[in-house]
2 protein chains.
Amino acid sequence: MAEALEAAERLCARRGARLTEIRRRVLELVWRSHQPVGAYTILERLGRERGRVAPPTVYRALDFLIAHGLVHRIASLNAYIGCAHPDRDHIGQFLVCSGCGSAAELDDRRIDRAIRSGAEAAGFAVERPVIELAGRCPNCRERGRDART
Amino acid sequence: MAEALEAAERLCARRGARLTEIRRRVLELVWRSHQPVGAYTILERLGRERGRVAPPTVYRALDFLIAHGLVHRIASLNAYIGCAHPDRDHIGQFLVCSGCGSAAELDDRRIDRAIRSGAEAAGFAVERPVIELAGRCPNCRERGRDART
DNA sequence: CCATGCAATGTTATAGTGTAACATCCGCGA
DNA sequence: TCGCGGATGTTACACTATAACATTGCATGG
(Lines give C-alpha, C1' and ligand atoms only; values in the text may rest on other atoms or scores of the structure.)
Protein backbone atom coordinates (compact mmCIF):
# COMPACT_ATOMS: atom_id res chain seq x y z
CA MET A 1 0.00 0.00 0.00
CA ALA A 2 2.83 2.41 0.80
CA GLU A 3 4.04 1.17 -2.53
CA ALA A 4 0.77 2.09 -4.17
CA LEU A 5 1.04 5.59 -2.77
CA GLU A 6 4.54 6.01 -4.10
CA ALA A 7 3.46 4.72 -7.47
CA ALA A 8 0.67 7.29 -7.41
CA GLU A 9 3.13 10.06 -6.58
CA ARG A 10 5.34 9.06 -9.46
CA LEU A 11 2.48 8.73 -11.88
CA CYS A 12 1.10 12.14 -11.01
CA ALA A 13 4.50 13.75 -11.17
CA ARG A 14 5.06 12.28 -14.59
CA ARG A 15 1.73 13.62 -15.80
CA GLY A 16 1.94 16.98 -14.13
CA ALA A 17 -1.15 16.16 -12.08
CA ARG A 18 -1.33 17.46 -8.55
CA LEU A 19 -1.71 14.81 -5.90
CA THR A 20 -2.77 17.24 -3.21
CA GLU A 21 -3.04 16.52 0.48
CA ILE A 22 -6.72 15.69 0.31
CA ARG A 23 -6.40 13.50 -2.76
CA ARG A 24 -3.50 11.67 -1.26
CA ARG A 25 -5.38 11.20 1.98
CA VAL A 26 -8.44 9.85 0.20
CA LEU A 27 -6.31 7.47 -1.80
CA GLU A 28 -4.72 6.29 1.42
CA LEU A 29 -8.11 5.71 3.03
CA VAL A 30 -9.29 3.77 0.01
CA TRP A 31 -6.26 1.54 0.22
CA ARG A 32 -6.41 1.18 3.97
CA SER A 33 -9.81 -0.41 3.74
CA HIS A 34 -9.19 -3.86 2.40
CA GLN A 35 -12.61 -3.90 0.90
CA PRO A 36 -14.37 -1.61 -1.52
CA VAL A 37 -15.30 1.44 0.51
CA GLY A 38 -18.22 3.84 0.18
CA ALA A 39 -17.79 7.55 -0.37
CA TYR A 40 -19.55 8.38 2.87
CA THR A 41 -17.31 6.07 4.84
CA ILE A 42 -14.35 7.95 3.44
CA LEU A 43 -16.16 11.14 4.26
CA GLU A 44 -16.56 10.14 7.86
CA ARG A 45 -12.97 8.98 8.28
CA LEU A 46 -11.62 12.07 6.62
CA GLY A 47 -13.83 14.12 8.90
CA ARG A 48 -12.20 12.59 11.96
CA GLU A 49 -8.91 14.12 10.93
CA ARG A 50 -9.97 17.45 9.52
CA GLY A 51 -13.23 18.38 11.16
CA ARG A 52 -16.27 18.88 9.03
CA VAL A 53 -15.84 17.69 5.46
CA ALA A 54 -18.64 17.93 2.89
CA PRO A 55 -19.49 15.32 0.24
CA PRO A 56 -18.16 17.26 -2.74
CA THR A 57 -14.71 17.23 -1.20
CA VAL A 58 -14.63 13.47 -1.25
CA TYR A 59 -16.33 13.05 -4.59
CA ARG A 60 -13.96 15.49 -6.22
CA ALA A 61 -10.98 13.65 -4.88
CA LEU A 62 -12.43 10.37 -6.06
CA ASP A 63 -13.13 11.81 -9.51
CA PHE A 64 -9.52 12.85 -9.77
CA LEU A 65 -8.22 9.50 -8.64
CA ILE A 66 -10.51 7.65 -10.99
CA ALA A 67 -9.58 9.87 -13.91
CA HIS A 68 -5.96 8.95 -13.34
CA GLY A 69 -6.72 5.26 -12.93
CA LEU A 70 -5.63 5.20 -9.31
CA VAL A 71 -9.02 4.12 -8.07
CA HIS A 72 -11.88 2.18 -9.60
CA ARG A 73 -15.54 2.54 -8.90
CA ILE A 74 -17.58 -0.61 -8.42
CA ALA A 75 -21.02 0.30 -9.65
CA SER A 76 -22.82 -2.69 -8.25
CA LEU A 77 -21.66 -1.73 -4.76
CA ASN A 78 -21.51 2.04 -5.04
CA ALA A 79 -18.03 1.69 -3.67
CA TYR A 80 -14.44 2.45 -4.52
CA ILE A 81 -11.27 0.41 -4.54
CA GLY A 82 -7.61 1.11 -5.17
CA CYS A 83 -6.11 0.03 -8.46
CA ALA A 84 -3.12 -2.22 -8.14
CA HIS A 85 -1.49 -1.20 -11.43
CA PRO A 86 -2.54 2.25 -12.52
CA ASP A 87 0.22 2.38 -15.10
CA ARG A 88 -1.08 -0.02 -17.66
CA ASP A 89 -4.26 0.84 -19.37
CA HIS A 90 -6.49 -1.03 -17.02
CA ILE A 91 -9.84 -2.43 -17.97
CA GLY A 92 -10.95 -3.35 -14.52
CA GLN A 93 -12.60 -6.68 -13.95
CA PHE A 94 -13.59 -7.37 -10.39
CA LEU A 95 -14.25 -10.42 -8.32
CA VAL A 96 -16.56 -9.34 -5.54
CA CYS A 97 -17.02 -11.82 -2.73
CA SER A 98 -20.48 -11.91 -1.25
CA GLY A 99 -19.11 -13.80 1.75
CA CYS A 100 -16.49 -11.44 3.11
CA GLY A 101 -17.13 -8.36 1.02
CA SER A 102 -13.63 -8.26 -0.38
CA ALA A 103 -12.88 -7.55 -4.01
CA ALA A 104 -9.97 -8.48 -6.24
CA GLU A 105 -9.02 -7.11 -9.60
CA LEU A 106 -8.66 -9.60 -12.41
CA ASP A 107 -7.70 -8.02 -15.77
CA ASP A 108 -7.86 -11.13 -17.88
CA ARG A 109 -7.07 -10.50 -21.53
CA ARG A 110 -9.14 -13.43 -22.67
CA ILE A 111 -12.21 -11.94 -21.05
CA ASP A 112 -11.49 -8.59 -22.57
CA ARG A 113 -11.08 -10.11 -26.01
CA ALA A 114 -14.22 -12.21 -25.70
CA ILE A 115 -16.18 -9.14 -24.71
CA ARG A 116 -14.89 -6.91 -27.45
CA SER A 117 -15.33 -9.49 -30.14
CA GLY A 118 -18.79 -10.45 -28.92
CA ALA A 119 -19.84 -6.81 -28.88
CA GLU A 120 -18.21 -6.12 -32.22
CA ALA A 121 -20.18 -8.96 -33.74
CA ALA A 122 -23.26 -6.98 -32.78
CA GLY A 123 -21.79 -3.86 -34.36
CA PHE A 124 -21.17 -2.35 -30.97
CA ALA A 125 -17.96 -0.53 -30.00
CA VAL A 126 -17.14 -1.00 -26.34
CA GLU A 127 -15.64 1.99 -24.59
CA ARG A 128 -15.99 1.41 -20.88
CA PRO A 129 -16.71 -2.17 -19.89
CA VAL A 130 -18.15 -2.77 -16.43
CA ILE A 131 -17.27 -6.27 -15.29
CA GLU A 132 -18.16 -7.05 -11.70
CA LEU A 133 -18.44 -10.69 -10.79
CA ALA A 134 -20.26 -11.37 -7.58
CA GLY A 135 -19.47 -14.74 -6.10
CA ARG A 136 -17.28 -16.55 -3.59
CA CYS A 137 -13.62 -16.02 -2.97
CA PRO A 138 -11.41 -19.05 -2.26
CA ASN A 139 -11.50 -18.45 1.49
CA CYS A 140 -15.23 -18.16 1.81
CA ARG A 141 -15.76 -21.07 -0.53
CA GLU A 142 -13.74 -23.32 1.66
CA ARG A 143 -15.41 -22.25 4.85
CA GLY A 144 -18.85 -22.52 3.31
CA ARG A 145 -19.59 -19.21 4.91
CA ASP A 146 -22.93 -17.55 4.54
CA ALA A 147 -23.47 -14.06 3.30
CA ARG A 148 -21.39 -11.33 4.83
CA THR A 149 -22.07 -10.98 8.53
CA MET B 1 -43.76 -6.36 -26.16
CA ALA B 2 -47.31 -7.70 -25.97
CA GLU B 3 -45.53 -10.94 -26.58
CA ALA B 4 -43.22 -10.34 -23.65
CA LEU B 5 -46.22 -9.75 -21.42
CA GLU B 6 -47.83 -12.96 -22.50
CA ALA B 7 -44.62 -14.83 -21.95
CA ALA B 8 -44.52 -13.34 -18.46
CA GLU B 9 -48.08 -14.47 -17.78
CA ARG B 10 -47.26 -17.98 -18.86
CA LEU B 11 -44.06 -18.10 -16.90
CA CYS B 12 -45.73 -16.91 -13.71
CA ALA B 13 -48.65 -19.29 -14.17
CA ARG B 14 -46.25 -22.16 -14.58
CA ARG B 15 -44.42 -21.22 -11.41
CA GLY B 16 -47.44 -20.38 -9.35
CA ALA B 17 -46.22 -16.80 -9.01
CA ARG B 18 -48.78 -14.03 -8.97
CA LEU B 19 -48.39 -11.47 -11.69
CA THR B 20 -50.68 -8.95 -10.04
CA GLU B 21 -52.08 -5.81 -11.59
CA ILE B 22 -49.27 -3.61 -10.27
CA ARG B 23 -46.52 -5.99 -11.24
CA ARG B 24 -47.95 -6.40 -14.67
CA ARG B 25 -48.28 -2.67 -15.06
CA VAL B 26 -44.70 -2.06 -13.97
CA LEU B 27 -43.47 -4.70 -16.39
CA GLU B 28 -45.44 -3.00 -19.13
CA LEU B 29 -43.94 0.38 -18.31
CA VAL B 30 -40.46 -1.08 -18.32
CA TRP B 31 -41.06 -2.53 -21.75
CA ARG B 32 -42.75 0.54 -23.08
CA SER B 33 -39.64 2.61 -22.49
CA HIS B 34 -37.25 1.54 -25.16
CA GLN B 35 -34.37 2.43 -22.96
CA PRO B 36 -33.41 1.36 -19.48
CA VAL B 37 -35.75 3.22 -17.17
CA GLY B 38 -35.24 4.48 -13.63
CA ALA B 39 -37.42 3.42 -10.72
CA TYR B 40 -38.60 6.96 -10.12
CA THR B 41 -39.62 7.36 -13.73
CA ILE B 42 -41.75 4.28 -13.38
CA LEU B 43 -43.04 5.71 -10.14
CA GLU B 44 -44.13 8.89 -11.83
CA ARG B 45 -45.80 7.15 -14.76
CA LEU B 46 -47.56 4.72 -12.51
CA GLY B 47 -48.69 7.65 -10.41
CA ARG B 48 -50.39 9.22 -13.41
CA GLU B 49 -52.70 6.25 -13.62
CA ARG B 50 -53.30 5.46 -9.99
CA GLY B 51 -52.83 8.65 -8.06
CA ARG B 52 -50.17 8.77 -5.41
CA VAL B 53 -47.79 5.81 -5.47
CA ALA B 54 -44.91 5.45 -3.03
CA PRO B 55 -41.43 4.15 -3.86
CA PRO B 56 -41.79 0.79 -2.09
CA THR B 57 -44.64 -0.10 -4.41
CA VAL B 58 -42.39 0.20 -7.42
CA TYR B 59 -39.35 -1.37 -5.83
CA ARG B 60 -41.34 -4.32 -4.64
CA ALA B 61 -42.74 -4.91 -8.08
CA LEU B 62 -39.26 -4.62 -9.57
CA ASP B 63 -37.88 -7.05 -6.99
CA PHE B 64 -40.51 -9.56 -7.98
CA LEU B 65 -39.89 -9.12 -11.70
CA ILE B 66 -36.15 -9.39 -11.24
CA ALA B 67 -36.47 -12.47 -9.07
CA HIS B 68 -38.38 -14.13 -11.87
CA GLY B 69 -35.95 -12.98 -14.54
CA LEU B 70 -38.51 -10.79 -16.27
CA VAL B 71 -36.49 -7.65 -15.72
CA HIS B 72 -32.81 -6.93 -15.31
CA ARG B 73 -31.21 -4.18 -13.31
CA ILE B 74 -28.38 -2.26 -14.90
CA ALA B 75 -26.23 -1.21 -11.99
CA SER B 76 -24.10 1.30 -13.85
CA LEU B 77 -27.24 3.24 -14.76
CA ASN B 78 -29.44 2.55 -11.75
CA ALA B 79 -32.03 1.53 -14.27
CA TYR B 80 -34.16 -1.40 -15.29
CA ILE B 81 -34.85 -3.13 -18.58
CA GLY B 82 -37.10 -5.93 -19.73
CA CYS B 83 -35.57 -9.33 -20.39
CA ALA B 84 -36.20 -10.67 -23.84
CA HIS B 85 -36.04 -14.34 -22.87
CA PRO B 86 -36.86 -14.91 -19.24
CA ASP B 87 -37.20 -18.64 -19.80
CA ARG B 88 -33.63 -19.63 -20.29
CA ASP B 89 -31.32 -19.13 -17.41
CA HIS B 90 -30.19 -15.70 -18.39
CA ILE B 91 -26.83 -14.29 -17.52
CA GLY B 92 -27.44 -10.78 -18.68
CA GLN B 93 -24.76 -9.00 -20.65
CA PHE B 94 -25.67 -5.54 -21.76
CA LEU B 95 -24.53 -3.20 -24.47
CA VAL B 96 -25.29 0.28 -23.23
CA CYS B 97 -25.03 3.03 -25.82
CA SER B 98 -23.73 6.33 -24.52
CA GLY B 99 -24.98 8.05 -27.65
CA CYS B 100 -28.69 7.27 -27.59
CA GLY B 101 -29.07 5.70 -24.16
CA SER B 102 -30.44 2.45 -25.50
CA ALA B 103 -29.38 -0.93 -24.20
CA ALA B 104 -29.34 -4.35 -25.81
CA GLU B 105 -28.95 -7.71 -24.19
CA LEU B 106 -26.18 -9.88 -25.51
CA ASP B 107 -25.89 -13.25 -23.74
CA ASP B 108 -22.79 -14.51 -25.49
CA ARG B 109 -21.70 -17.93 -24.31
CA ARG B 110 -18.10 -17.28 -25.18
CA ILE B 111 -18.04 -14.29 -22.86
CA ASP B 112 -19.68 -16.27 -20.12
CA ARG B 113 -17.17 -19.08 -20.50
CA ALA B 114 -14.21 -16.71 -20.56
CA ILE B 115 -15.45 -15.06 -17.40
CA ARG B 116 -16.12 -18.21 -15.49
CA SER B 117 -12.87 -19.82 -16.45
CA GLY B 118 -10.88 -16.67 -15.74
CA ALA B 119 -12.48 -16.37 -12.33
CA GLU B 120 -12.10 -20.06 -11.62
CA ALA B 121 -8.40 -19.79 -12.34
CA ALA B 122 -8.29 -17.37 -9.43
CA GLY B 123 -10.22 -19.82 -7.26
CA PHE B 124 -13.30 -17.67 -7.46
CA ALA B 125 -16.81 -19.03 -8.04
CA VAL B 126 -18.96 -16.59 -9.96
CA GLU B 127 -22.58 -16.41 -8.94
CA ARG B 128 -24.01 -13.21 -10.34
CA PRO B 129 -21.91 -11.63 -13.07
CA VAL B 130 -22.52 -7.98 -13.85
CA ILE B 131 -21.53 -7.27 -17.44
CA GLU B 132 -22.43 -3.82 -18.69
CA LEU B 133 -20.56 -2.57 -21.70
CA ALA B 134 -20.80 1.15 -22.26
CA GLY B 135 -20.00 2.19 -25.80
CA ARG B 136 -21.56 2.99 -29.14
CA CYS B 137 -24.38 1.21 -30.88
CA PRO B 138 -24.23 0.75 -34.67
CA ASN B 139 -26.54 3.69 -35.29
CA CYS B 140 -24.69 6.19 -33.17
CA ARG B 141 -21.37 4.96 -34.46
CA GLU B 142 -22.36 5.68 -37.99
CA ARG B 143 -23.71 9.09 -37.24
CA GLY B 144 -20.73 9.98 -35.11
CA ARG B 145 -23.14 11.36 -32.60
CA ASP B 146 -21.98 12.94 -29.39
CA ALA B 147 -23.07 11.91 -25.97
CA ARG B 148 -26.78 11.66 -25.38
CA THR B 149 -28.43 15.03 -25.68
C1' DC C 1 6.18 43.18 -5.65
C1' DC C 2 1.65 43.01 -7.32
C1' DA C 3 -2.05 41.66 -10.40
C1' DT C 4 -4.44 38.15 -12.32
C1' DG C 5 -5.96 33.94 -13.69
C1' DC C 6 -6.81 29.18 -12.93
C1' DA C 7 -7.06 25.04 -10.27
C1' DA C 8 -8.45 23.37 -5.83
C1' DT C 9 -11.24 23.57 -2.00
C1' DG C 10 -15.13 25.24 1.00
C1' DT C 11 -20.13 25.69 1.69
C1' DT C 12 -24.97 25.18 1.22
C1' DA C 13 -28.53 23.13 -0.58
C1' DT C 14 -30.82 19.69 -3.07
C1' DA C 15 -31.46 15.85 -6.41
C1' DG C 16 -31.70 10.97 -7.06
C1' DT C 17 -31.90 6.11 -5.41
C1' DG C 18 -33.40 2.72 -2.20
C1' DT C 19 -35.21 0.57 2.27
C1' DA C 20 -37.10 -0.08 7.21
C1' DA C 21 -40.96 -0.58 9.78
C1' DC C 22 -45.45 -0.99 10.60
C1' DA C 23 -50.51 -0.79 9.12
C1' DT C 24 -54.01 -2.60 6.21
C1' DC C 25 -56.26 -5.40 2.93
C1' DC C 26 -57.66 -9.53 0.66
C1' DG C 27 -58.22 -14.20 -0.72
C1' DC C 28 -58.06 -18.92 0.68
C1' DG C 29 -58.13 -22.99 3.28
C1' DA C 30 -59.04 -25.16 8.00
C1' DT D 1 -65.94 -17.70 10.37
C1' DC D 2 -61.32 -17.41 11.70
C1' DG D 3 -56.83 -17.03 10.95
C1' DC D 4 -52.91 -16.98 8.02
C1' DG D 5 -49.81 -15.39 4.58
C1' DG D 6 -48.84 -12.69 0.68
C1' DA D 7 -49.57 -8.20 -1.39
C1' DT D 8 -50.11 -3.44 -0.94
C1' DG D 9 -50.41 1.17 1.51
C1' DT D 10 -48.04 4.71 4.23
C1' DT D 11 -44.63 7.22 6.60
C1' DA D 12 -40.36 8.21 7.38
C1' DC D 13 -35.71 7.95 6.58
C1' DA D 14 -30.93 6.31 4.91
C1' DC D 15 -27.67 6.45 1.51
C1' DT D 16 -25.44 8.19 -2.83
C1' DA D 17 -24.26 12.01 -5.66
C1' DT D 18 -24.20 16.68 -7.78
C1' DA D 19 -25.35 21.80 -8.73
C1' DA D 20 -24.09 26.25 -7.88
C1' DC D 21 -21.61 29.66 -6.06
C1' DA D 22 -17.90 31.55 -2.72
C1' DT D 23 -13.25 31.44 -1.30
C1' DT D 24 -8.48 30.28 -1.18
C1' DG D 25 -4.02 29.70 -2.80
C1' DC D 26 -0.45 29.34 -5.92
C1' DA D 27 2.15 30.02 -10.30
C1' DT D 28 3.29 33.29 -13.61
C1' DG D 29 3.98 37.39 -16.21
C1' DG D 30 4.09 42.41 -15.93
Side-chain angles (χ1 to χ4, degrees), chain A residues 8 12-13 15-27 29-30 33 35-47 49-68 70-81 101 130 132 147-148, chain B residues 8-9 12-13 15-27 29-30 33 35-68 70-81 101 130 132 147-148:
Chain A
C12 287
R15 294 186 187 169
R18 297 168 55 185
L19 187 59
T20 63
E21 184 55 29
I22 289 184
R23 291 166 177 174
R24 190 193 159 82
R25 205 69 200 87
V26 168
L27 179 58
L29 288 170
V30 168
S33 159
Q35 303 183 351
V37 60
Y40 277 71
T41 302
I42 296 171
L43 183 64
E44 188 211 331
R45 293 189 184 158
L46 198 59
E49 309 171 351
R50 331 184 113 235
R52 172 176 163 70
V53 172
T57 299
V58 170
Y59 281 103
R60 285 194 287 230
L62 288 171
D63 287 346
F64 171 89
L65 296 169
I66 289 169
H68 288 280
L70 297 165
V71 160
H72 291 292
R73 175 179 146 87
I74 299 189
S76 58
L77 299 177
N78 292 328
Y80 304 83
I81 188 173
V130 172
E132 299 168 3
R148 165 181 356 175
Chain B
E9 295 277 13
C12 286
R15 294 186 188 169
R18 298 168 54 185
L19 187 59
T20 63
E21 184 54 27
I22 289 185
R23 290 167 178 173
R24 191 193 157 79
R25 204 69 200 87
V26 168
L27 180 58
L29 288 170
V30 168
S33 159
Q35 301 183 352
V37 59
Y40 277 71
T41 302
I42 296 172
L43 183 63
E44 189 211 332
R45 294 188 183 157
L46 198 59
R48 276 190 214 141
E49 310 171 350
R50 330 184 115 235
R52 172 174 164 69
V53 172
T57 299
V58 170
Y59 281 103
R60 286 193 286 230
L62 288 171
D63 287 346
F64 171 88
L65 295 169
I66 290 169
H68 288 281
L70 297 166
V71 161
H72 291 293
R73 176 179 145 88
I74 300 190
S76 57
L77 299 178
N78 292 328
Y80 303 83
I81 188 174
V130 173
E132 299 168 2
R148 168 181 354 175

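Of the inter-residue distances, the one linking I81(A) atom CD1 with R73(A) atom CZ reads 13.5 Å to the nearest 0.5 angstrom. Atoms CD1 and OH, from I42(B) and Y59(B) in turn, are 9.0 Å apart once rounded to the nearest 0.5 Å. For the atom pair CG (L29(A)) and CG (L62(A)), the distance works out to 10.0 Å, reported to the nearest 0.5 Å.
Contact of the V130(A) side chain with the I74(A) side chain is not registered, since no non-hydrogen atoms from C-beta on lie closer than 4.5 Å. Residues R60(B) and F64(B) are not in side-chain contact: their nearest non-hydrogen atoms beyond the backbone lie 4.5 Å or more apart. You'll find the side chain of I22(B) reaches within 4.5 Å of the side chain of R50(B), heavy atoms only.
Residue L62(B) contributes atom CG, which lies 15 Å from atom C1' of dA7(D) at whole-angstrom precision. One atom, CD1 of I42(A), and another, C1' of dA17(D), lie 13 Å apart when rounded to the nearest Å. Atom CG of L19(B) and atom P of dG6(D) are 18 Å apart (whole Å). One can place CG of L46(B) at 13 Å from P of dT10(D), the figure rounded to the nearest angstrom.
Among L65(A), L43(A), V71(A), the one residue that satisfies the side chain to side chain contact (heavy atoms under 4.5 Å, CB included) test with V26(A) is L65(A).
End-to-end axis angle for the helix from dC1(C)-dG30(D) to dA30(C)-dT1(D), using five pairs per end and rounding to 10°, comes out at 10°.
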Under 4.0 Å protein heavy-atom contact, by nucleotide of nucleotides 9-25 of chain C - B base, S sugar-phosphate only: BBBB----BBBBB----
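Judged purely by atom type and a 3.5 angstrom limit, R25(A) has no side-chain atom pairing as donor or acceptor with the backbone of L46(A).
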